[in-house]
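What follows is a set of notes on a single structure, which appears directly below.
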2 protein chains.
Amino acid sequence: MIESTTAAKSIQKERDLISTMSVDCVIIGFEQDELKVLLYERGMEDEPGFSHWALPGGFVKMNEDLDAAAVRVLNQVTGFHDVYMEQVRTFGKADRYPGARVITTAYYALINPRSQKLKLGKDARDARWVSIKALPRLVFDHADILQAAMKKLKRKVRQEPIGFELLPSKFTLTSLQRLYESILDTELDTRNFRKKLLKMGLLIKLSEQQQGVPHRAAFLHKFDRGVYLQLKEGGFVFDL
Amino acid sequence: MIESTTAAKSIQKERDLISTMSVDCVIIGFEQDELKVLLYERGMEDEPGFSHWALPGGFVKMNEDLDAAAVRVLNQVTGFHDVYMEQVRTFGKADRYPGARVITTAYYALINPRSQKLKLGKDARDARWVSIKALPRLVFDHADILQAAMKKLKRKVRQEPIGFELLPSKFTLTSLQRLYESILDTELDTRNFRKKLLKMGLLIKLSEQQQGVPHRAAFLHKFDRGVYLQLKEGGFVFDL
DNA sequence: GCAAAAGTGTTCTTCGTACACCCATGC
DNA sequence: GCATGGGTGTACGAAGAACACTTTTGC
């Protein structure tokens with residue numbers, strides 16, 4: 001095998017190579033026909049950005065996989081678990097974090113805000129689902145990170161149906177359309193949207209309907225996970 | 001401003017948060033109708049992976065932007081400068097690098113191998129342009145990194161014309177087609193390929209022709225950078 | 001009965017795709 | 001004259017885009 005241990009240790013002793021890695025999570029939810037992001041107010045008085053709004057984040061531990069760190073941080077700050085996450089990219093400007101060299105890898109997470117209860121971690125004074133259309137000022141480069149995540153999501157949504165993660169298990173076609181409209185930031189033609197989706201065979205129409213709405217009740221639908229996985233293997237495209 | 005310095009320093013003292021960041025470069029070139037990657041044989045006896053083939057990489061310095069580190073590393077290992085580079089993603093498995101915790105961010109670089117001379121850095125025993133179809137075994141997780149870069153390139157090539165970077169300034173339509181075929185790993189119909197490209201108006205047909213070929217000489221073309229930049233702003237799509 | 005959203009087909013245009021032959025050159 | 005790649009057009013089918021009215025329900 002490779003003779004490495006001493007060399008590697010000497011590398012870590014060189015002060016100018018040492019840095020701290022963190023992960024930041026762009027947690028995206030869909031509620032009341034709006035895309036939202038979970039932000040929190042930093043609550044550690046001795047850390048940079050105290051009392052400012054930020055994306056949930058935390059440091060990567062020495063023996064922890066990067067992806068695992070993202071999952072852990074999400075859980076520690078929000079209490080959420082079993083969430084779909086994907087790496088966005090890494091932000092590494094030398095001066096991005098005040099007072100120390102911290103390189104951060106951004107992840108986005110997709111979740112239905114009503115499916116799990118928010119349990120604030122100790123580092124947070126407050127946390128809120130904030131509409132993507134009305135963001136407060138964020139600390140450090142978190143506005144850039146958020147923007148990059150949204151851009152990635154826009155691309156992603158054209159390649160596979162991500163509604164699975166953001167909607168309740170039973171939903172109306174209209175709310176699915178609103179979701180796509182929010183992500184793509186356009187209006188879609190209802191007839192064309194339905195035509196395309198139904199042709200794909202991904203949706204199962206239930207006999208159940210909406211209750212108590214002051215207009216004609218819509219039928220509920222659910223996703224067919226079997227068909228989805230099958231399509232995914234074949235590497236399909238999903239243009240809207 | 002934010003009261004941060006002491007806090008940040010205390011963060012970096014915690015041993016379990018300290019790690020080393022590196023960058024690795026997937027340097028892609030196109031030569032003799034083939035896509036190639038620049039690999040080097042590791043030449044530092046006291047570093048892991050000595051005498052094995054690897055992607056050019058190096059550590060990020062304390063006061064260096066991550067993107068700048070990628071540019072520097074590329075230059076140090078190969079002597080290349082002014083090269084198109086883009087971040088792929090970050091690889092952070094805890095055990096990916098033997099003997100130390102090293103998280104690495106991968107970049108891909110596109111270059112015409114004939115446009116700049118390869119000048120080996122001191123860490124390399126040897127370096128070669130290797131066909132993407134005949135790769136040797138690579139150290140650490142470099143095979144995964146390379147694969148991720150190629151996948152990203154495949155997606156990229158459908159969204160903007162990257163031939164700019166990989167071809168000489170004057171080229172034939174056939175070599176452009178071969179480039180796309182190499183990246184996408186398919187065969188394309190010549191007539192349809194030309195139809196689509198010419199309709200875009202990105203190419204300028206020169207009066208100059210190939211010299212000394214044992215068949216009908218092809219006209220040379222060049223890219224119209226003005227039209228390219230214009231199209232790019234409008235966020236165009238480029239399907240083949 | 002009215003406000004509010006659900007649901008449904010057709011036409012036109014655009015674009016992708018398949019396909020075969022003559023042309024110029026070097027040897 | 002032959003081998004090699006250069007260069008060109010058309011016809012068909014699929015898919016995207018535009019577009020308006022009837023239905024159901026709660027109040």
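Naming: A, B, ... by sequence-line order, numbering from 1 per chain. Side-chain atoms are counted along with the backbone in the values below, which use heavy atoms only and exclude waters and symmetry mates.
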Fill in the blank from the handout: 5' to 3', nucleotides 22-27 of chain C under a 4.0 Å protein heavy-atom cut-off (B base, S sugar-phosphate only, - none) gives -BBBS-

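A/H142 is linked by a ring pair (Phe, Tyr, Trp, His ring centres under 6.0 Å) to A/F140, counting only residues two or more places apart in sequence or in another chain. Contacts of B/S115 classified as side chain to side chain donor-acceptor pair (under 3.5 Å), with partners at least two apart in sequence or in another chain: none. Residues forming a side chain to side chain donor-acceptor pair (under 3.5 Å) with B/E86 (at least two apart in sequence, or on another chain): B/Y84, B/K156. Taking A/D123 as the reference, nothing meets the side chain to side chain donor-acceptor pair (under 3.5 Å) condition, with sequence neighbours excluded. Partners of A/F171 according to the ring pair (Phe, Tyr, Trp, His ring centres under 6.0 Å) rule, which considers only residues two or more places apart in sequence or in another chain, are A/F223. Under the rule for a side chain to side chain donor-acceptor pair (under 3.5 Å), A/K119 has no partner lying at least two apart in sequence or in another chain. Considering only residues two or more places apart in sequence or on other chains, B/K36 meets the salt bridge (Lys or Arg N to Asp or Glu O under 4.0 Å) condition with B/E31.
The base of D/dA20 sits with one of its N or O atoms less than 3.5 Å from a complementary donor or acceptor on the side chain of A/R191.
Look at CZ on A/F219: it is 13 Å from C1' on D/dT25, rounded to the nearest Å. Counting to the nearest Å, the P atom of C/dC15 and the CG atom of B/D189 are 18 Å from each other. One can place NE2 of B/H221 at 11 Å from C1' of D/dG6, the figure rounded to the nearest angstrom. Following rounding to the nearest Å, B/K199 (NZ) and C/dG16 (P) show an atom-to-atom distance of 6 Å. Between B/Q32 atom CD and D/dG5 atom P the separation is 15 Å, expressed in whole Å. One atom, CZ of B/F193, and another, P of C/dC15, lie 18 Å apart when rounded to the nearest Å. Taking atom CD on A/Q211 and atom C1' on C/dA5, their separation rounds to 16 Å, with Å as the unit. Put simply, CZ on B/R194 is 18 Å from P on C/dT17, counting in whole angstrom units.
Five base pairs at each end of the helix from C/dG1-D/dC27 to C/dC27-D/dG1 define two local axes, and these are offset by 0° (rounded to 10°).
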Name every donor-acceptor pair, under 3.5 Å, that has one atom in a side chain of residues 186-193 of chain A and the other anywhere in the protein, sequence neighbours excluded.
unit_1: A/D189; atom_1: OD1; unit_2: A/R191; atom_2: N; d: 3.0
unit_1: A/D189; atom_1: OD1; unit_2: A/N192; atom_2: N; d: 2.9
unit_1: A/N192; atom_1: OD1; unit_2: A/K195; atom_2: NZ; d: 3.3

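Under the 3.5 Å distance criterion, the side-chain polar atoms of A/Q209 are left unmatched by any main-chain donor or acceptor of A/L220. Remark: the backbone N or O of A/L203 is not paired with any side-chain donor or acceptor of A/D224 at under 3.5 angstrom.
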I'd like a list of close polar pairs between nucleotides 11-14 of chain D and the protein, N/O only, cut-off under 3.5 Å.
none

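No side-chain N or O of A/Y108 forms a donor-acceptor pair with one of A/Q87 less than 3.5 Å apart.
Within residues 169-188 of chain A, no residue has any heavy atom closer than 4.0 Å to DNA chain D.
Note: B/W129 and B/F80 have parallel aromatic rings, judged against thresholds of 30 and 60 degrees for the angle between ring planes.
The side chain of B/K196 approaches C/dG16 more closely than any other nucleotide in the set C/dG16, C/dT8, D/dG16.
Within the model, atoms OH of A/Y40 and NE2 of A/H52 stand 12.5 Å from one another, a figure rounded to the nearest 0.5 Å.
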Exercise for the section: Show the numbers, then the answer: is there a side-chain contact (heavy atoms from CB on, under 4.5 Å) between A/L167 and A/N112? Expected result: CA-CA 6 Å; A/L167 292 174; A/N112 172 7; over 6 Å; no

